[in-house]
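Working notes, structure below.
Hydrogens, waters and symmetry mates are skipped; everything else that's a heavy atom, side chains included, is used. Lettering follows sequence order; numbering is per chain, from 1.
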There are 2 protein chains.
Amino acid sequence: MAQRRELMKGNADSLLLCLLGQQPMYGYQIIKELERRSQGYFKFKEGTLYPALHRLEKGGLVAGKWQRLPGGRQRRYYYISDKGHRLLAVKRSQWLDFLTAMNLIIQPAQT
Amino acid sequence: MAQRRELMKGNADSLLLCLLGQQPMYGYQIIKELERRSQGYFKFKEGTLYPALHRLEKGGLVAGKWQRLPGGRQRRYYYISDKGHRLLAVKRSQWLDFLTAMNLIIQPAQT
DNA sequence: TCGTAATACCTAGTGTTACTATGTATAATA
DNA sequence: TATTATACATAGTAACACTAGGTATTACGA
């Protein structure tokens with residue numbers, strides 16, 4: 001199902017910003033949370049998630065902060081920035097525009 | 001607007017099959033028709049359309065037939081195949097699944 | 001205790017695909 | 001006569017999700 005891979009394109013960042021817009025999370029948590037909220041549909045691969053997070057961080061849309069757990073394990077929590085919030089709003093409206101256009105073709109209103 | 005480019009990925013073929021599922025069309029017509037039906041949203045580039053049509057043809061999903069117009073001009077009409085119809089049904093349901101999952105994240109139900 | 005699974009992060013390379021830029025050619029219009 | 005619209009084509013580019021591999025700790029069952 002390479003379909004899924006292509007459908008994701010351009011939307012991964014939106015999903016990440018959307019989650020982080022609600023609360024800071026770390027990578028592994030994001031993967032689990034996306035799967036849970038989408039009722040099992042989204043199963044982000046690490047090779048998708050971490051490069052995406054780094055991309056967002058480089059763009060100043062999120063900020064990652066290492067946090068040490070008791071026991072020595074490390075987690076990197078990501079916090080959305082103001083810029084990230086603004087981009088999220090843009091992305092959300094772009095998604096709605098796209099969805100509207102798609103529905104006009106894929107599911108034409110029955111007259 | 002590189003957003004748009006990425007959002008299109010995986011959906012161009014669905015849109016083409018959807019149009020051709022209703023009636024045979026030629027390339028230029030498809031571009032105009034997609035733009036009209038989407039109220040100006042979709043503006044397929046030739047570098048997107050023709051490779052996509054050839055891809056679909058190679059996959060046996062559509063069949064292209066040259067037709068000569070009075071005056072000597074050539075048009076290539078594309079006809080959807082049975083296989084194309086079946087793929088269209090699959091693609092449509094994949095799109096709906098994806099849309100559902102996206103909405104669960106992007107627009108969580110307000111409680 | 002030893003292997004496996006879960007947790008937690010990382011990245012080099014691959015494959016797909018929409019698009020840019022460019023080319024050819026005819027018909028209609030200014 | 002020049003420009004625009006019609007009509008098709010393709011080589012090369014850029015973006016990005018994913019594969020496959022790596023490191024390391026913690027928990028659990030055999």
Atom-to-atom span, [atom1] of [X] to [atom2] of [N] - whole angstrom:
| X | N | atom1 | atom2 | value |
| --- | --- | --- | --- | --- |
| B:L69 | D:dA7 | CG | C1' | 9 Å |
| A:L15 | D:dC16 | CG | P | 14 Å |
| B:R5 | D:dC16 | CZ | C1' | 11 Å |
| B:L7 | D:dA15 | CG | C1' | 12 Å |
| B:R4 | C:dT17 | CZ | C1' | 18 Å |
| B:E6 | D:dT13 | CD | P | 17 Å |
| A:K58 | C:dT11 | NZ | C1' | 12 Å |

Quick one: is the NZ or CZ of [X] closer than 6.0 Å to the six-membered ring centre of [Y], and within 45° of its axis?
| X | Y | value |
| --- | --- | --- |
| A:R76 | A:Y26 | no |
| B:K65 | B:Y78 | no |
| A:R4 | A:Y41 | yes |

Select one nucleotide: of C:dC19, C:dC9, C:dT26, the one nearest the side-chain heavy atoms of B:R73.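 Given the options C:dC19, C:dC9, C:dT26, the side chain of B:R73 is closest to C:dT26.
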
Taking only side-chain N and O atoms of A:R75, does any of them lie within less than 4.0 angstrom of OP1 or OP2 on C:dA8?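 For C:dA8, OP1 or OP2 has a side-chain N or O of A:R75 closer than 4.0 Å.
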
Would you jot down, in residue-number order, the residues of residues 25-34 of chain B having a non-hydrogen atom under 4.0 Å from DNA chain D?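 Hits under 4.0 Å, by residue number: B:Y26, B:G27, B:Y28, B:K32.
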
Are any of the side-chain heavy atoms of A:R92 and A:L88 separated by less than 4.5 Å?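 Heavy-atom side-chain distance check passes, below 4.5 Å.
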
Using a 4.0 Å cut-off on heavy atoms, which residues in residues 39-56 of chain B reach DNA chain C? List them by number, or say none.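 Output list: B:K45, B:G47, B:T48, B:R55.
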
To the nearest 0.5 angstrom, please state how far the CE atom of A:M25 sits from the CD1 atom of A:I31.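 Between A:M25 CE and A:I31 CD1, I get 12.0 Å after rounding to 0.5 Å.
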
